[in-house]
Amino acid sequence: MLTSPRPSELFTPTYADVTAAAQRIAGHATRTPVLTSRTANEMLGAQVFFKAENLQRMGAFKFRGAFNALSCFDADQRRAGVVAFSSGNHAQGVALSAQLLGMPATIVMPQDAPAAKIVATRGYGASVVLFDRYTEDREAICKAIADKHGQTMIPPFDHPHVIAGQGTAAKELFEEVGELDTLFVCLGGGGLLSGSALSTRALSPKTKLYGVEPEAGNDGQQSFRAGHIVHIDTPKTIADGAQTQHLGHHTFEIIRRDVDDILTVSDAELVEAMRFFASRMKIIVEPTGCLGFAAALKRKDPLQGQRVGVIISGGNVDMARFCSLLAT
Ligand SMILES: *Cc1c(COP(=O)(O)O)cnc(C)c1O
């Protein structure tokens with residue numbers, strides 16, 4: 001039976017919200033496989049379990065949070081639809097979810113976003129509004145659309161229903177393989193990490209849980225250590241899904257409470273992990289999706305003999321870019 005959604009947007013989600021999200025997305029999101037690799041086990045001296053969200057619908061875990069958030073809309077909200085700002089996986093997650101739930105979606109994207117992403121988002125039936133990222137304010141544009149058409153804005157990470165939806169990936173992982181000693185999760189704005197933290201503390205409370213960021217964009221690590229949210233300039237990194245400037249209020253509250261530490265890896269280390277996934281495991285993983293495994297490879301000594309989980313967050317990378325990254 002579906003529990004009715006908690007109405008206010010202003011609550012910090014708990015594991016109960018993750019289990020409610022799991023019921024809402026069941027039959028819509030793919031229950032992605034948990035992959036293993038003998039080579040990876042040998043490299044780390046550990047038993048490694050990869051949750052393959054690169055094989056999720058639209059190619060990333062973002063579908064989980066978007067579908068859960070849109071499923072919680074009331075009748076008026078459904079009629080008016082959703083508006084979101086994103087040039088990446090959140091755009092596609094929201095567009096596909098809206099299409100499946102039969103509601104209109106408007107996605108605000110920078111006009112210099114990759115043409116393929118604009119086409120993919122339109123392909124899910126969303127209307128795309130382009131803006132100039134150097135002269136126009138995206139928040140203002142989203143808000144104007146929301147005000148004019150009564151559409152509900154769904155942010156990419158700092159929203160309780162989004163966080164709860166993202167937490168379903170780690171929930172499935174623990175249900176499938178049992179408790180783990182260590183879990184590595186990619187970190188941008190913290191939706192995936194905070195959701196994973198709720199599932200981890202409920203299902204495998206003793207797990208050491210690490211968020212992993214690109215070295216150039218370590219705002220999460222700085223925030224974790226300072227005890228308050230630190231803002232940085234948009235970082236230059238190949239991990240385009242983790243180019244966030246700061247964590248969210250809800251995500252930070254959970255992360256500071258439930259996460260053990262935030263680690264960083266370099267772009268070169270991401271490329272090595274990407275090469276490993278392609279050549280040894282035969283899977284395409286986008287640079288941001290490699291953060292977790294790159295961190296595991298970097299700190300392999302403490303993992304000896306452990307049961308280790310890695311969430312592979314997504315696989316959306318342009319083939320020409322993929323090939324040129326691997327050629328370096
Ligand atoms: C959005 C995204 C991330 C970061 O997720 P947050 O919830 O913002 O921390 C990581 N990897 C991929 C593939 C993404 O699309």
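Residue indices begin at 1 and follow the sequence shown. Whatever order the structure lists ligands and atoms in, that order sets their numbers, starting from 1.
With salt bridges taken as basic N to acidic carboxylate O contacts below 4.0 Å, one links R225 and D261.
One side chain, E53 or T32, offers a donor N or O that lies under 3.5 Å from an acceptor on the other. Counting only N and O atoms by type, the side chains of T106 and Q151 include a donor and acceptor under 3.5 Å apart.
In this structure, R57 is not positioned above the aromatic face of F67 in the sense of NZ or CZ being under 6.0 Å from the six-membered ring centre and within 45° of the axis.
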List, for ligand 1, each N/O atom that has a protein N/O partner under 3.5 Å away, with both atom names and the distance.
from, atom 1, to, atom 2, distance (Å)
ligand 1, 7 (O), G191, N, 2.9
ligand 1, 7 (O), L192, N, 2.9
ligand 1, 8 (O), G189, N, 2.8
ligand 1, 9 (O), G188, N, 2.7
ligand 1, 9 (O), G189, N, 3.1
ligand 1, 9 (O), G190, N, 2.7
ligand 1, 11 (N), S313, OG, 2.6
ligand 1, 15 (O), K62, NZ, 2.8
ligand 1, 15 (O), N89, ND2, 2.8

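Using a 4.5 Å heavy-atom threshold, the side chains of T237 and Q243 count as touching.
Expressed to the nearest 0.5 Å, how far CG of N68 lies from CD of Q23 amounts to 10.5 Å.
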